[in-house]
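These notes are about the structure you will find just below.
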Protein chains: 2
Amino acid sequence: MTSVHYKKLETFLLAVDCIIFGFDGTGLKVLLIKRELEPMAGKWSLVGGFVKNSESVNDAAMRVLMQLTGLKNIFMEQLHCYGSTERDPGGRVVSVAYFALIRIEDHAAELLKEHNAKWVPLDKLPKLIFDHNTMLDLSKERLRQRVANHPIGFELLPEKFTLPQLQNLYEAIYESQFDKRNFNRKILGLQILKKLEEKDKTGSRKGAFYYVFDSDNYKKLESEGISFI
Amino acid sequence: MTSVHYKKLETFLLAVDCIIFGFDGTGLKVLLIKRELEPMAGKWSLVGGFVKNSESVNDAAMRVLMQLTGLKNIFMEQLHCYGSTERDPGGRVVSVAYFALIRIEDHAAELLKEHNAKWVPLDKLPKLIFDHNTMLDLSKERLRQRVANHPIGFELLPEKFTLPQLQNLYEAIYESQFDKRNFNRKILGLQILKKLEEKDKTGSRKGAFYYVFDSDNYKKLESEGISFI
DNA sequence: GCAAAAGTGTTTTGTCTACACCCATGA
DNA sequence: TCATGGGTGTAGACAAAACACTTTTGC
């Protein structure tokens with residue numbers, strides 16, 4: 001039952017589709033699944049599901065993400081609503097797309113196998129069903145915008161990360177190279193990173209200092225409007 | 001009938017709500033209506049309507065706008081999808097919000113009367129139904145973003161406009177003052193305005209030269225990524 | 001001739017970019 | 001000792017911001 005006051009109106013199926021970004025240290029990846037449902041079963045698809053009457057659309061997206069990754073409380077933002085009449089040959093389905101940023105190592109790999117899910121590098125995307133490639137294109141653009149103005153890049157990195165790791169991430173997102181002196185100066189100038197004593201020795205002999213995101217200080221600076229790259 | 005392949009899924013009512021901006025030369029305004037439908041009949045509301053199965057969500061928004069203003073082919077962009085369970089006490093309605101920019105003088109005033117619609121200055125907004133105030137807040141933010149990177153400010157002005165008029169518009173959008181020398185230099189530097197010989201004498205003794213948006217030249221420059229303020 | 005808005009340049013400031021060498025360490 | 005990636009400073013270019021006076025013309 002969708003309505004108390006509104007009678008005789010046409011109804012719709014509502015879906016959510018999630019663009020889930022991960023970062024493995026060198027490249028950006030997206031979580032895709034081999035679809036199990038007709039139509040288009042067996043094709044590559046974004047992670048999605050139908051919204052229930054008992055939940056908000058946002059909650060549906062979080063549920064879908066949770067089912068696949070086991071993760072809660074992760075960064076997620078609505079991208080766009082896709083509502084053309086012919087987007088899904090299986091019926092009149094309007095889909096709300098979301099994008100999410102997760103730490104690749106964070107989640108249970110067995111859940112991925114169960115769902116036929118796979119991390120796919122952004123530069124090796126297959127053809128996806130429906131309008132999912134369009135969604136992905138828009139999400140890449142949006143990710144760049146967001147990362148430029150909000151400290152969300154950290155969502156893709158481990159809690160402790162090094163400046164070279166952070167730079168690699170930004171270079172992956174923007175598909176371009178940055179000068180490390182300029183990059184470090186800019187990032188550290190924001191004063192939202194806390195330097196730890198500890199070093200990461202896996203990447204080099206010398207080792208690189210770990211940093212953590214200083215969310216307290218960020219909140220202090222937030223009101224002023226900062227740029228992150 | 002919403003579905004061929006998908007059975008036993010829960011369905012939704014889908015609405016569109018339009019934030020319609022106009023500019024009267026000094027301040028930004030929004031088109032609001034006194035709602036005629038229960039619940040909340042008689043309250044102030046954004047312009048909205050239900051989506052039909054036969055049309056895309058975008059088309060529904062354009063239809064709603066057309067019904068109220070008589071205008072087609074105007075600038076319109078999807079803002080956000082609002083999908084919380086309790087947003088509309090009349091039923092489970094998910095709403096997709098759009099924002100549109102129109103030239104205030106362009107449209108038929110009688111249509112507005114017919115629909116109980118009124119132009120309301122942004123700084124004198126009444127309390128609106130449901131989550132419509134939230135939609136408006138987001139649309140103001142989005143308008144600023146868009147205007148900064150796309151030449152859409154012109155959508156709010158007459159075809160011929162003066163630089164002081166354009167500056168007033170930008171000042172209204174950003175709620176701040178700009179230096180006219182810097183402003184003129186910046187705008188003219190973009191090379192997307194064509195200066196006419198004619199002057200607008202309504203605003204001053206001296207008169208201000210009219211300009212028109214040079215869309216041909218804009219298209220040439222578009223690829224490079226321009227900033228508009 | 002004067003009020004009222006339009007138009008016009010220059011200087012200063014800050015930000016972004018380009019660029020090259022030393023450091024620390026494990027093998 | 002050497003190979004590898006980590007860390008650091010400066011000078012020049014460019015864009016943004018601050019700032020005041022002259023022009024036009026209807027009354």
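Numbered from 1 within each chain, the chains take letters A, B, ... in sequence-line order. Just so it is clear, the structure is predicted and the values come from calculations on it, not from any experiment. The figures that follow rest on heavy atoms only: side chains count, while hydrogens, waters and symmetry mates do not.
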B:Ile19 and side-chain contact (heavy atoms from CB on, under 4.5 Å): which partner among B:Met76, B:His132, B:Lys140, B:Met135?
->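 For B:Ile19, the side-chain contact (heavy atoms from CB on, under 4.5 Å) check succeeds only for B:Met135.
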Passing option when B:Ser95 is tested against B:Asp17, B:Asp88, B:Asp131 for side-chain hydrogen bond (donor to acceptor under 3.5 Å, both in side chains) =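 Only one option passes, and that is B:Asp17.
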Given B:Glu36, B:Lys34, B:Arg35, the one that forms side-chain hydrogen bond (donor to acceptor under 3.5 Å, both in side chains) with B:Asn116 =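 Option passing the side-chain hydrogen bond (donor to acceptor under 3.5 Å, both in side chains) with B:Asn116: B:Glu36.
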Find the distance [X]:[atom1] to [N]:[atom2] and express it as a whole number of Å.
{"X": "B:Lys180", "N": "D:dA18", "atom1": "NZ", "atom2": "P", "value": "16 Å"}
{"X": "B:Leu188", "N": "C:dA6", "atom1": "CG", "atom2": "C1'", "value": "13 Å"}
{"X": "A:Lys195", "N": "D:dT8", "atom1": "NZ", "atom2": "C1'", "value": "11 Å"}
{"X": "A:Phe178", "N": "C:dC19", "atom1": "CZ", "atom2": "C1'", "value": "18 Å"}
{"X": "B:Asn184", "N": "C:dA6", "atom1": "CG", "atom2": "C1'", "value": "9 Å"}
{"X": "A:Asn182", "N": "D:dA11", "atom1": "CG", "atom2": "P", "value": "15 Å"}
{"X": "A:Arg185", "N": "D:dA11", "atom1": "CZ", "atom2": "C1'", "value": "11 Å"}
{"X": "B:Phe183", "N": "C:dG9", "atom1": "CZ", "atom2": "P", "value": "18 Å"}

Take B:Lys180 and B:Glu171 through the test salt bridge (charged side-chain N to carboxylate O under 4.0 Å, His left out) and record every step on the way to the result.
-> CA-CA 11 Å; B:Lys180 64 179 168 177; B:Glu171 291 180 342; over 6 Å; no
Enclosure of B:Glu159 CD (heavy-atom neighbours >12, cutoff 6.0 Å) |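 Not more than 12 within 6.0 Å, no.
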Among residues 153-167 of chain A, which residues get a heavy atom nearer than 4.0 Å to DNA chain D?
-> A:Pro164
So do A:Cys81 and B:Val96 actually touch side chain to side chain, heavy atoms under 4.5 Å?
->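 Touching, per the 4.5 Å side-chain cut-off.
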Contact check, side chains of B:Tyr82 and A:Val57, non-hydrogen atoms, under 4.5 Å |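 No, their side chains stay 4.5 Å or more apart.
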Please list, by residue number, the residues of residues 197-209 of chain A whose heavy atoms come closer than 4.0 Å to an atom of DNA chain C; answer none if no residue qualifies.
-> A:Lys201, A:Arg205, A:Lys206
Please report how far the helix from C:dG1-D:dC27 to C:dA27-D:dT1 bends, comparing the axis fitted to its first five pairs with the axis fitted to its last five, to the nearest 10 degrees.
-> 10°
Pick one: which of B:Phe183, B:Phe23, B:Phe178 meets ring pair (Phe, Tyr, Trp, His ring centres under 6.0 Å) with B:Tyr170?
-> B:Phe183
In residues 208-216 of chain B, what donor-acceptor pairs under 3.5 Å come from side-chain atoms, sequence neighbours left out?
unit_1: B:Asp214; atom_1: OD1; unit_2: B:Asp216; atom_2: N; d: 3.4
unit_1: B:Asp214; atom_1: OD1; unit_2: B:Asn217; atom_2: N; d: 3.1

Donor-acceptor pairs under 3.5 Å, side chain of residues 66-75 of chain A to any protein atom, not counting sequence neighbours: which ones?
unit_1: A:Thr69; atom_1: OG1; unit_2: A:Leu65; atom_2: O; d: 2.8
unit_1: A:Thr69; atom_1: OG1; unit_2: A:Leu71; atom_2: N; d: 3.1

A:Phe21: ring pair (Phe, Tyr, Trp, His ring centres under 6.0 Å) partners, not counting sequence neighbours = none
